[in-house]
Amino acid sequence: MTTEQFIATKASAAVNALYGADIPESRMQVQVTRKEFEGDFTLVVFPLLKISHASPDATGNAIGEWLTSNCPEIEAFNSVKGFLNLSLSNIYWSRLFASIESDARFGELPSTGRRIMVEFSSPNTNKPLHLGHVRNNLLGASVSNLLKAAGNDVIRTTLVNDRGVHICKSMYAWQQRFDGATPASTGKKGDHLVGDCYVEYARMEKEDPSVLDKVHDMLVKWEENDPEVRRLWSMMNEWVFEGFEQTYKALGISFDKTYYEHETYLLGKELVRKGLETGVFVKDPDGSVWCDLTADGLDRKLLLRSDGTSVYMTQDLGTAERRFAEHELDSHVYVVGDEQNYHFQVLKLVLKKLGFDWADQIYHLSYGMVELPEGKMKSREGTVVDADDLIEKMYEEAKSTSEESGKLEGVSEEEKDRLYHMIGLGALKYFILKVDPRKKMLFNPKESIDFNGNTGPFIQYTHARIKSILRKADALGIRPAVSEDAPLSPKEIRLVKLLASYPQKVQEAADAFSPALIANYCYDLAKEFNQYYHDTPILKEENSSILRMRLALIETLANVLVKATGILGMELPDRM
RNA sequence: GGUUCCGUAGCUCAGCUGGAUAGAGCAACAGCCUUCUAAGCUGUGGGUCACGCGUUCGAAUCGCGUCGGAAUCACCA
């Protein structure tokens, strides 16, 4: 039970005793007391005036009196203009702190028994990953962690778009203009080499539009399983996968299951057949198949072309059906940009029309685009921010900042390398995840991602500071320990309050599919600690139970920081 | 044109299930390292929460309208 719930329950009892009214605790409004007022939690009494038939202050005072004389945990109160501020006893906070400190699984919510598949990343194999993909990948990985922390069984998956006309374009350009170049012969990452082919193709088509016919011939041959074309296709895809693998590894991302579109693109045709039988779909005279959604305020949606081939939507319908069946999913989350809102709206609607109840359990985590100061990234204009370049840049930035501070003297080169990567990536991940996924975000390549203020490195630095103190204490043979003999200061109570709210934050964030809420929490916690650190000496404290309590407090704080940033996919260093 | 989303400090963002005087960071300015890591801490300045009307004891938050921006509405994926 959270402290808010505890107070709500007591307040409900107070109202019952004083006014004989039965107000459930869920209707009680309890919030954290604002900094400028005395107290820990505040009961909003306005909604109770109709029952008390008294002024806000009189009502507040009456409830305050009742609570302080009937609940030993509630020590004092003051009533200000309809807000009843309550102070809890030090023993209450000590015990709450002790319960958090001793709980190794603190913040891991009880199992929901639900199995959720999360699809994210889903790249095309004709160009390297860019900043937009980075946001997708980080969000997907983080939301997966979040849902897992909230007690769900999570399957991370990706659908690689490895076939189609765009792949053939790269293949054609390679054949015509690249003279047998390979990643090995050029020293280029495979995904970048294939990306170059794609760019080259665009140039070729501009010179001579008829090359498009050649590309279509190639696609037809691919579909006919032409060995020559298939061999080229496999080889180039292999290059790309190796390149992607490096990028995923650098980002710390992996999948439980990878689907390839060349295996799934024919799925869904059976559904179309059934839909035609049951009259959910209609066939036009030219042979094309449609679903009429005009009654739902949408348009008609194509499901099979007049030549009988399937489209994107057909495939997605079939894939969804197969996944729910194969994995006995309770829910499926798709991490896909908001430009596809319409697609998912239609997908769910069509599945529902086909009679699948689980259609309601599909959630499109629709995130906003990453934009540059001059607008959208455009590959034609060369304004695309490449993922590998960006990761490299972050590493260099971390390296130069670290070298400037000189705090890593005596650390091995190997360890330094690990730290630079951890810090650079931490900065990048936090930068992207701290903003509400649904909103579009701005990235200015000219300004490097900050390492000061509300940033990943700030949180990592906080952790390093705590670890430094704990190392020193350990060297002195002092062990952290919670004890009721060590009263908590107001700042320490604030920290305990924040720590205690962590499980609730995980729940809220999971409900909202928003790692940003976790990022904000991490910042609040780090900020609060740094203020505490600044004016509360720990190792110099003479009272040994207070000293040990403080060590226990910062150790718990470090543990919670590790868990929370872990959801964001960040690692925290012991020194930096 | 239809649908959906967005508009908060110079900039980047919190706050949005209605609650007290709207918060951070960056940038600017002024301080704090013989004291547990200054990637830190403290302070100053900076706001018509796009605009209007409504609901309410109370609106940045909810509703309607206006203005501005974005996405989407392919026999592309």
Side-chain angles (χ1 to χ4, degrees), chain A residues 29 31 33-34 36-37 42 44-47 49-50 56 80-83 85 122 124 161 163-166 261 265 284 286-290 297-299 301-313 315-316 337-343 345-346 366 368-369 371 373 375-376 398 401-402 404-405 407 423 427 431 434-436 438-444 447 450-462 464-473 508 511-512 516-517 519-520 523-524 526-527 529-541 550-551 554 575-576:
Chain A
Q29 289 186 43
Q31 53 194 248
T33 303
R34 291 180 68 114
E36 55 271 32
F37 296 97
T42 297
V44 183
V45 303
F46 285 107
L49 300 184
K50 280 178 194 148
V80 183
K81 293 190 290 187
F83 296 91
N85 303 318
S122 303
N124 283 336
N161 185 349
R163 61 160 283 283
V165 92
H166 48 291
E261 207 179 287
Y265 79 108
D284 274 10
D286 65 0
S288 57
V289 176
W290 299 79
L298 303 173
D299 293 319
K301 185 71 194 176
L302 179 81
L303 294 173
L304 282 187
R305 296 189 186 96
S306 50
D307 64 5
T309 57
S310 58
V311 294
Y312 182 46
M313 179 61 72
Q315 176 202 170
D316 257 11
D338 61 10
E339 53 199 357
Q340 295 201 38
N341 286 351
Y342 180 71
H343 173 79
Q345 202 184 343
V346 171
S366 159
M369 297 289 106
E371 290 184 2
K376 284 188 78 170
T401 306
S402 291
E404 233 169 82
S405 81
K407 285 175 189 163
I423 295 165
F431 175 80
K434 78 170 173 180
V435 342
D436 185 337
R438 291 175 310 227
K439 293 192 176 175
K440 67 180 180 205
M441 64 178 291
L442 193 110
F443 175 80
N444 189 345
E447 300 168 10
D450 230 307
F451 281 30
N452 297 312
N454 187 355
T455 67
F458 170 73
I459 292 159
Q460 293 174 316
Y461 179 73
T462 302
R465 268 184 154 177
I466 293 174
K467 286 295 180 181
S468 172
I469 298 174
L470 292 173
R471 275 196 300 274
K472 288 192 168 136
E508 275 172 35
D511 290 345
L517 297 179
N520 288 334
Y523 179 66
D524 289 343
K527 180 97 186 145
F529 167 78
N530 278 297
Q531 289 168 8
Y532 174 68
Y533 173 90
H534 183 259
D535 46 36
T536 311
I538 294 172
L539 293 172
K540 289 211 172 109
E541 174 57 45
R550 286 183 181 163
L551 289 174
I554 64 172
R575 52 164 56 195
M576 69 185 272

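These numbers come from the heavy atoms of this one structure, side chains and all, not from hydrogens, waters or symmetry mates. Because the structure is a prediction, the values reported are computed rather than measured. Here is how names work: the chains are called A, B, and so on, in the same order as the sequence lines, proteins then strands, and each is numbered from 1.
The base-pairing partner of B:U35, taking Watson-Crick or G-U wobble contacts with both distances under 3.5 Å, does not exist among the strands shown. B:G68 is paired with B:C6 under the Watson-Crick or G-U wobble criterion, all donor-acceptor distances under 3.5 Å. B:G19: Watson-Crick or G-U partner is B:C57, with both key distances under 3.5 Å. Pair check for B:G45 finds none; no Watson-Crick or G-U wobble contact set falls under 3.5 Å. Of all nucleotides present, none satisfies the Watson-Crick or G-U wobble test against B:A74 with each distance under 3.5 Å.
Among the heavy atoms of the strands lying under 4.0 Å from A:L517 are primed sugar atoms or P, OP1, OP2 only; no base atom is included. At a threshold of 4.0 angstrom between heavy atoms, the contacts of A:R575 include nucleobase atoms, whether or not backbone atoms are also involved.
In this structure, the nucleotide among B:C16, B:C73, B:G19 sitting nearest to the side chain of A:K439 is B:C16. Comparing B:G40, B:A20, B:U72 by their nearest atom to the side chain of A:N85 picks out B:A20. With B:G40, B:C36, B:A71 as the candidates, the nucleotide lying closest to the side chain of A:E339 is B:A71. Distances were taken from every side-chain heavy atom of A:Q531 (C-beta onward) to each of B:G19, B:C73, B:C41; the shortest belongs to B:C41. Comparing B:A77, B:A14, B:A71 by their closest approach to the side chain of A:K376 singles out B:A71. Side chain of A:F458, nearest nucleotide from B:G40, B:U4, B:C36: B:G40. The side chain of A:K440 lies closest to B:G69 when the candidates are B:G69, B:C41, B:A14. For A:K527, the side-chain atoms get nearest to B:C41 when compared with the rest of B:A38, B:C41, B:G19. Between B:C6, B:G19, B:A20, one nucleotide has an atom nearer to the side chain of A:F37 than all others, and that is B:A20. Among the nucleotides B:C13, B:A20, B:G40, the one closest to any side-chain atom of A:M441 is B:C13.
Comparing the C1' positions of B:C67 and B:U17 gives a spacing of 29 Å, expressed to the nearest Å. Comparing B:G2 with B:G10, their C1' atoms sit 37 Å apart, to the nearest whole Å. Using atom C1' as the reference point in both B:G47 and B:G40, the two lie 28 Å apart (nearest Å). Comparing the same atom, C1', in B:G43 and in B:A24 gives a spacing of 16 Å after rounding to whole Å.
Not a single donor-acceptor contact under 3.5 angstrom links the side-chain atoms of A:N452 to the base of B:A38. No donor-acceptor contact under 3.5 Å links the side chain of A:S405 to the base of B:A38.
The side chain of A:K301 contributes no N or O atom lying less than 4.0 Å from OP1 or OP2 of B:C73. When the side-chain nitrogen and oxygen atoms of A:K81 are compared with OP1 and OP2 of B:G19, none of them lie within a distance under 4.0 Å. Phosphate proximity of B:A38 to A:R465: present, with a side-chain N or O under 4.0 Å from OP1 or OP2. Contact check, A:R305 against B:C76: a side-chain N or O comes under 4.0 Å of OP1 or OP2. Residue A:Q340 places none of its side-chain N or O atoms closer than 4.0 Å to OP1 or OP2 of B:A77. Remark: A:S468 is in phosphate contact with B:U37, judged by side-chain N or O atoms under 4.0 Å from OP1 or OP2. In terms of phosphate contacts, A:R34 brings a side-chain nitrogen or oxygen within less than 4.0 Å of OP1 or OP2 of B:G23.
Along RNA chain B, the nucleotide nearest to A:H534 and the one nearest to A:N454 differ in position, and the one closer to the 5' end is contacted by A:N454. Take the nearest nucleotide of RNA chain B for A:E508 and for A:T401: the residue whose nucleotide is more 5' is A:E508.
A tilted orientation is assigned to the rings of A:Y523 and A:F458, their planes being inclined by 30° to 60°.
Stacking between A:F83 and B:A20 is shown: the ring centroid lies under 5.5 Å from the centre of the six-membered base ring, and the planes differ by under 30°. With its ring centre under 5.5 Å from that of the base six-membered ring and a plane angle below 30°, A:F46 counts as stacked on B:G19.
A:D307 and A:R305 are not joined by a salt bridge, as no carboxylate oxygen comes within less than 4.0 angstrom of a charged side-chain nitrogen.
Counting only N and O atoms by type, the side chains of A:S122 and A:N161 include no donor and acceptor under 3.5 Å apart. If you check the side chains of A:S366 and A:N341, you find a donor sitting under 3.5 Å from an acceptor.
Note: CZ (A:R163) to C1' (B:A77) measures 9 Å, nearest angstrom.
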